[in-house]
Amino acid sequence: MRLSQYFLPTLRDTPAEAQIVSHRLMLRAGLVRQQAAGIYSWLPLGLRVLRRIEAIVREEQNRAGAIELLMPTLQSAQLWRESGRYDDYGAEMLRIVDRHERDLLYGPTNEEMVTDIFRSTVRSYRDLPLNLYHIQWKFRDEIRPRFGVMRGREFLMKDAYSFDLDEAGARAAYNRMFVAYLNTFARMGLRAVPMRADTGPIGGDLSHEFIILAETGESQVFCDRQLVDMPPPGDVDFRSDLQPIVEARTALYAATEEMHDATRFEREVPEERRLSARGIEVGHIFYFGDKYSKAMNATVHGPDGVERPVQMGSYGIGVSRLVGAVIEASHDEAGIVWPDAIAPFDVAVLNLRAGDGATDAAAQHAYDTLGRSGLEALLDDTAERPGAKFSVMELIGIPWQLVIGPNGLARGVVELRHRASGERHELSLESALSKLGSR
RNA sequence: CGGAGUAUAGCUCAGCCUGGUAGAGCGCUUGCUUCGGGAGCAAGAGGUCGUUGGUUCGAAUCCAGCUACUCCGACCA
């Protein structure tokens, strides 16, 4: 992409409405633009990041055996009356009336709808296990939206729903998502710690929030430091028993503020491993048994011929929230520092003197070569001054900057800069290109 | 939803207290000079001062209603 032909409205000043760093940087770097309280337009650069996060989530869901579909944003109130949640949900649910005076709602979640799809099609345990997911916009009419996309009213979420014959099957389904989540967040350069969450009236131990640690996190969390350093499971066989992997993580202490037990924390975790930090919830998995299947009559016949409500769980990842969360976890004074896997571009080529024959030719050559290597490059071919170019590139956080200027070229070198480490190396254009291409 | 604020140029803000018809910096346009860390000089464009009403000879300024946004709290993927 040529910057001169792109749409990247960056801001020098921090907009007054933004309080936390990710919100400020998202506005300044031209990722989003607020349209109403808690509702954002995604500008091209932000959309690229959103799409890359979405792609990683999708790949890992598919790998874990979940199957993608797409349910609508608008739902009929009928289904919600069946589950009883139309009245229970309260003002957080955005209700809409159509021209025929029918009650609709903008979905805050999809348990009822997916249960309806399930009950109208699946009859036998032979069709289980089943896990259906989608990545769709949701709306929750928060009393007080804040923190930019971290706590918006409209948000993009991956939500998966598992269906199993019995609790053992549901636990296996839960474990698959648990493991998939560890891999998903690790691929984004995040270290997410699963923390025991409140299971509400269902009880049991099958609910975890996945928390990433960031200084500006919204809530206080407590855990064993070993959990943070634990490597992701990686390539596992999702048909195998995943209980050992899950147990390795759930055996160690980890709790959010609401679930924290200071006495247990001190008894179970050696002092040097006690970690108290701020965290951001980026995922939540939950087993809720037959709560919806019973109310909505979603049953299957078991091998014994008996018809019983299907056992369900749901598994959410806040896709749009992750954009903000990653920035909270990865930024510096100058701007965003994107992890490689979700950066909007892989490399920025800075032509320090657009219009100069030598730098134009070298920059064009670099851009073409990088493209052939399968890298997404952003070529700054604008007439801005070098200082302005450096500032913008650091603000938008592209992992690598290839700086091509007249002074360097006269000496036969360009400069390769790494955004995260700040390292800079002068080397020939060709070796810079081969270094980038081989990454 | 309770409490507190804000609304003036694309952005950040001043002007309001003490009423007399609107300013700065940045950004934008044009020209010249510059050119390795958000350049310099010069010339320009850009605002029914959120909205409705009231007070007044006269309202960005005072008063009231409305709307939007922000912050603190409660709530929350």
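Numbered from 1 within each chain, the chains take letters A, B, ... in sequence-line order.
Atom P of nucleotide C69(B) and atom CD of Q19(A) are separated by 16 Å, given to the nearest angstrom. Following rounding to the nearest Å, D13(A) (CG) and A24(B) (P) show an atom-to-atom distance of 16 Å. Atom C1' of nucleotide G36(B) and atom CE of M393(A) are separated by 15 Å, given to the nearest angstrom. Distance Q34(A) CD to G10(B) P: 18 Å, rounded to the nearest Å. Summarising the geometry, the separation between CG on D380(A) and P on G36(B) is reported as 15 Å, rounded to the nearest angstrom. L11(A) places its CG atom 15 Å from the C1' atom of A9(B), with the value rounded to the nearest Å. The separation between L43(A) atom CG and G10(B) atom P is 18 Å, rounded to whole Å. Rounded to whole angstrom, the span from the CD1 atom of I20(A) across to the C1' atom of U70(B) amounts to 14 Å.
In this entry U18(B) has no Watson-Crick or G-U wobble partner, no candidate having both defining distances under 3.5 Å. G36(B) is unpaired under the criterion used here, namely a Watson-Crick or G-U wobble arrangement in which both key atom distances are under 3.5 Å. With a cut-off of 3.5 Å on both Watson-Crick or G-U wobble distances, the partner of A24(B) is given as U12(B). Under the Watson-Crick or G-U wobble criterion, with both distances below 3.5 Å, A64(B) is paired with U52(B). In this structure, G73(B) forms a base pair with C1(B), meeting either the Watson-Crick or the G-U wobble geometry with both donor-acceptor distances under 3.5 Å. Nucleotide C41(B) is matched to G31(B) when pairs are restricted to Watson-Crick or G-U wobble geometry with both distances under 3.5 angstrom.
Here D229(A) pairs with R191(A) in a salt bridge; the nearest charged N to carboxylate O distance falls below 4.0 Å. Comment: R187(A) engages E59(A) in a salt bridge, judged by a side-chain N to carboxylate O separation of less than 4.0 angstrom. Ion pairing between a basic and an acidic side chain is recognised when a charged N comes within 4.0 Å of a carboxylate O; E218(A) and R151(A) show no such pairing. Taking the charged nitrogens against the carboxylate oxygens, R52(A) and D340(A) have no contact shorter than 4.0 Å, which rules out a salt bridge.
At a threshold of 4.0 angstrom between heavy atoms, the contacts of T109(A) with the nucleic acid are absent. At a threshold of 4.0 angstrom between heavy atoms, the contacts of G405(A) include nucleobase atoms, whether or not backbone atoms are also involved. Within 4.0 Å of A91(A), counting heavy atoms only, lies no atom of the nucleic acid at all.
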Provide a list of protein-nucleic acid N or O atom pairs under 3.5 angstrom, restricted to nucleotides 73-77 of chain B.
unit_1 : atom_1 : unit_2  : atom_2 : d
A74(B) : N6     : R146(A) : NH2    : 3.2
C75(B) : O2     : R151(A) : NH2    : 2.9
C75(B) : N3     : R151(A) : NH2    : 3.0
C75(B) : N4     : R146(A) : NH2    : 2.9
C76(B) : O2'    : E142(A) : OE2    : 3.3
C76(B) : O2     : R151(A) : NE     : 2.8
C76(B) : O2     : R151(A) : NH1    : 3.4
A77(B) : O4'    : R140(A) : NH1    : 3.1
A77(B) : O3'    : E281(A) : OE2    : 2.2
A77(B) : N6     : G152(A) : N      : 3.3
A77(B) : N6     : G152(A) : O      : 2.6

Identify the pairs formed between an N or O of the protein and an N or O of nucleotides 28-35 of chain B at a distance under 3.5 Å, and give each distance.
unit_1 : atom_1 : unit_2  : atom_2 : d
U34(B) : O2     : R385(A) : NH1    : 2.5
C35(B) : O2'    : R353(A) : NE     : 3.4
C35(B) : O2'    : R353(A) : NH2    : 3.0

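By the neighbour-count criterion of 12 heavy atoms within 6.0 Å, atom CD of E215(A) is sparsely surrounded, having that number or fewer from other residues, nucleotides or ligands.
When the C1' atom is used for both U51(B) and A60(B), the distance is 14 Å, rounded to whole Å. For the C1' atoms, the distance from G53(B) to A59(B) is 13 Å, rounded to whole Å. A gap of 30 Å separates the C1' atoms of C26(B) and U67(B), to the nearest Å. To the nearest whole angstrom, the two P atoms, one in G50(B) and one in C13(B), are 16 Å apart. Nucleotides U6(B) and G46(B) place their P atoms 31 Å apart, quoted to the nearest Å. Between A9(B) and U48(B), the two P atoms lie 9 Å apart (nearest whole Å). Across A24(B) and G47(B), the matching P atoms stand 15 Å from one another, rounded to whole Å. Comparing G65(B) with G2(B), their P atoms are spaced 15 Å from each other, to the whole Å.
Between C11(B), G36(B), U70(B), one nucleotide has an atom nearer to the side chain of E415(A) than all others, and that is G36(B). For A16(A), whose side chain is taken as the heavy atoms from C-beta onward, the closest listed nucleotide among G37(B), C69(B), U12(B) is U12(B).
When each of F147(A) and K389(A) is assigned the nucleotide of RNA chain B bearing its nearest heavy atom, the one mapping closer to the 5' terminus is K389(A). When each of A388(A) and E17(A) is assigned the nucleotide of RNA chain B bearing its nearest heavy atom, the one mapping closer to the 5' terminus is A388(A).
Rounding to the nearest 0.5 angstrom, the gap separating the CZ atom in R417(A) from the CD atom in E394(A) is 6.5 Å.
Within the cation-pi definition used here (under 6.0 Å to the ring centroid, within 45° of the axis), R119(A) does not qualify as a partner of Y292(A).
At a cut-off of 3.5 angstrom, counting only N and O atoms as typed in the model, there is no donor on one side facing an acceptor on the other between the side-chain of R33(A) and the base of G10(B).
Using cut-offs of 30° and 60° on the angle between ring planes, the pair H260(A) and F265(A) is perpendicular. Note: Y174(A) and F178(A) have tilted aromatic rings, judged against thresholds of 30 and 60 degrees for the angle between ring planes. Using cut-offs of 30° and 60° on the angle between ring planes, the pair Y6(A) and F345(A) is perpendicular.
Side-chain contact between N351(A) and D380(A) is absent, with no heavy atoms from C-beta onward closer than 4.5 Å.
A donor-acceptor pair under 3.5 Å is formed between the side chain of R48(A) and the backbone N or O of P344(A).
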